[in-house]
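Before any comments, here is the structure.
Only a predicted model underlies this, so the values are computations on that prediction, with no experimental measurement involved.
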Amino acid sequence: MEEFLREFIEAEVSHGTYEELWGFVSSNSVIRGTFEGQSHMVMKISSSQFIIYRLSLGRENTKYQPALMVAKRYLLKKINSRAYELKLPDIQNILD
């Protein structure tokens, strides 16, 4: 599953998406919702739990998903790790 999370982070965290993804994941105001990236979907099922799955459409226009459930704080750390690798400006702090 670590491989799947790494694939998600590499595909979805970029200069153009960092702030929007960070805001969605870190927000305590948004309790449920989805963030659609280029090839992955992040589903917020509570203020601190997320399900990540890969988007791919089959013949019947259905989603196929190996999925991963991840906690908010861990996901924010992974997002920031990628942001530091990319040397993005304005990297956010993880607050409790």
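- Among residues at least two apart or in separate chains, salt bridge (Lys or Arg N to Asp or Glu O under 4.0 Å) pairs with a member in residues 6-19 are E3-R6, E7-R54.
- Between I94 and W22 there is a side-chain heavy-atom pair separated by less than 4.5 Å.
- Applying the ring-ring contact (aromatic ring centres under 6.0 Å, His included) rule to F4 yields the partners H40; only residues at least two apart in sequence or on another chain are considered.
- Judged by distance alone, with hydrogens and angles left aside, the side-chain atoms of K72 form no donor-acceptor pair with the main-chain N or O of F50 at under 3.5 Å.
- The number of heavy atoms from other shown groups lying within 6.0 Å of CD1 (I31) does not exceed 12.
- Taking all atoms of both residues into account, the shortest heavy-atom contact from I51 to A67 is CG2-CB, 4.0 Å.
- For T17, the side-chain contact (heavy atoms from CB on, under 4.5 Å) partners two or more places apart in sequence, or in a different chain, are S14.
- Judged as a salt bridge (Lys or Arg N to Asp or Glu O under 4.0 Å), not a single pair has a partner in residues 29-45 (not counting sequence neighbours).
- Legend: side-chain hydrogen bond (donor to acceptor under 3.5 Å, both in side chains) pairs involving residues 76-85, not counting sequence neighbours, sorted by first then second residue: E2-K78, Y18-N80, R82-E85.
- Taking each heavy atom of S27 and S29 in turn, the nearest pair found is OG-N, 3.1 Å.
- Of all the heavy atoms in G37 and L55, the pair that sits closest is O-CD1, 4.4 Å.
- Residues V42 and F8 form a side-chain contact, since some pair of their non-hydrogen atoms from C-beta on lies under 4.5 Å apart.
- Taking every heavy atom of both residues into account, V13 and I79 meet most closely at CG1-O, 4.0 Å.
- Residue L75 holds its CG atom at 9.0 Å from CG of L68, rounded to the nearest 0.5 Å.
- Remark: S46 engages S48, Q49 in a side-chain contact (heavy atoms from CB on, under 4.5 Å) (not counting sequence neighbours).
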